[in-house]
Amino acid sequence: MSNDNSRMVALLEDFAIWSKGLVSPPTSFIPYTASYNAMKARTRISKVLIDIIKEETMLGNNLSETKTCVIRRLLYDGTKGNATVGDKSPLTEEATVDNIFTLVFAGTDTTASILTSAFYELEKNHEVRQQIQACIDSVENLDHENEELDELLRAFLSEVQRCYPAAPFTMRHISGQGIDLGDFGCIPP
């Protein structure tokens with residue numbers, strides 16, 4: 001990929017415009033609204049991402065394993081590392097771009113939600129915070145795996161996700177009989 005800083009700055013600015021437009025009223029048909037600007041930014045981002053995809057496709061999958069990024073993974077993970085210059089990804093360029101948008105939005109939204117909830121719980125529950133801090137302090141080298149710390153953090157974050165789900169309104173499977181809401185009626189199957 002190119003190391004063009006101006007392209008990166010433009011991408012970051014367009015992602016900010018796009019993100020702001022996602023939470024605005026859907027008025028993309030009205031010029032100069034946040035939603036309209038978001039769709040224009042998305043078009044610019046898509047063009048840059050397609051250029052990057054073309055650059056990566058020209059390079060093929062014969063670069064060292066140390067150079068990995070989301071685009072390379074989307075392009076070559078399905079090829080088991082055997083791709084060469086000109087090999088096609090199982091995803092189209094547009095599908096790859098759509099996956100990148102999904103990863104950026106979904107990843108930032110859910111990660112921010114979980115981290116916010118985790119910090120809230122750490123502030124609210126001093127015993128848990130002290131237990132996690134003691135476990136971290138007892139580890140001599142944080143660069144190496146530590147099963148006790150991993151288990152403690154996994155348990156803590158799992159509980160945070162259970163109490164504060166990032167997507168609290170996901171639809172669950174409704175039984176074949178529907179759901180009786182008492183005096184409020186019934187949700188049909």
Could you tell me whether Glu121 and Lys124 have a side-chain N and a carboxylate O separated by less than 4.0 Å?
-> yes
For the residue pair Phe101 and Phe15, categorise the inter-ring angle as parallel (less than 30°), tilted (30 to 60°) or perpendicular (more than 60°).
-> tilted
Spacing of NE2 belonging to His126 relative to CD belonging to Gln133, to within rounding of 0.5 Å = 14.0 Å
Would Met39 end up clustered with Tyr36 when hydrophobic side chains under 4.5 Å apart are linked, directly or stepwise?
-> no
Residues that Arg44 engages under side-chain contact (heavy atoms from CB on, under 4.5 Å), provided they are two or more places apart | Asp14, Ile17, Lys40, Ala41
Of the non-hydrogen atoms in Leu149 and Cys135, which two are nearest, and what is the gap between them?
-> CA-SG, 3.6 Å
More than 12 heavy atoms from other groups under 6.0 Å of CD on Glu159 = yes
Determine whether Glu13 and Val9 make a side-chain contact, defined as any pair of heavy atoms from C-beta on separated by less than 4.5 Å.
-> yes
Inter-residue atom distance Asn37.CG - Ile30.CD1, 0.5 Å rounding | 12.0 Å
Set of side-chain contact (heavy atoms from CB on, under 4.5 Å) partners for Glu127, sequence neighbours left out = Asn125
For residues 45-54, which side-chain N or O atoms pair as donor and acceptor with protein atoms under 3.5 Å away, sequence neighbours left out?
| residue | atom | partner | partner atom | Å |
| --- | --- | --- | --- | --- |
| Ser46 | OG | Arg42 | O | 2.9 |
| Ser46 | OG | Arg42 | NH1 | 3.3 |

Heavy-atom pair with the smallest gap, counting every atom of Leu153 and Ile132 | CD2-CG2, 3.9 Å
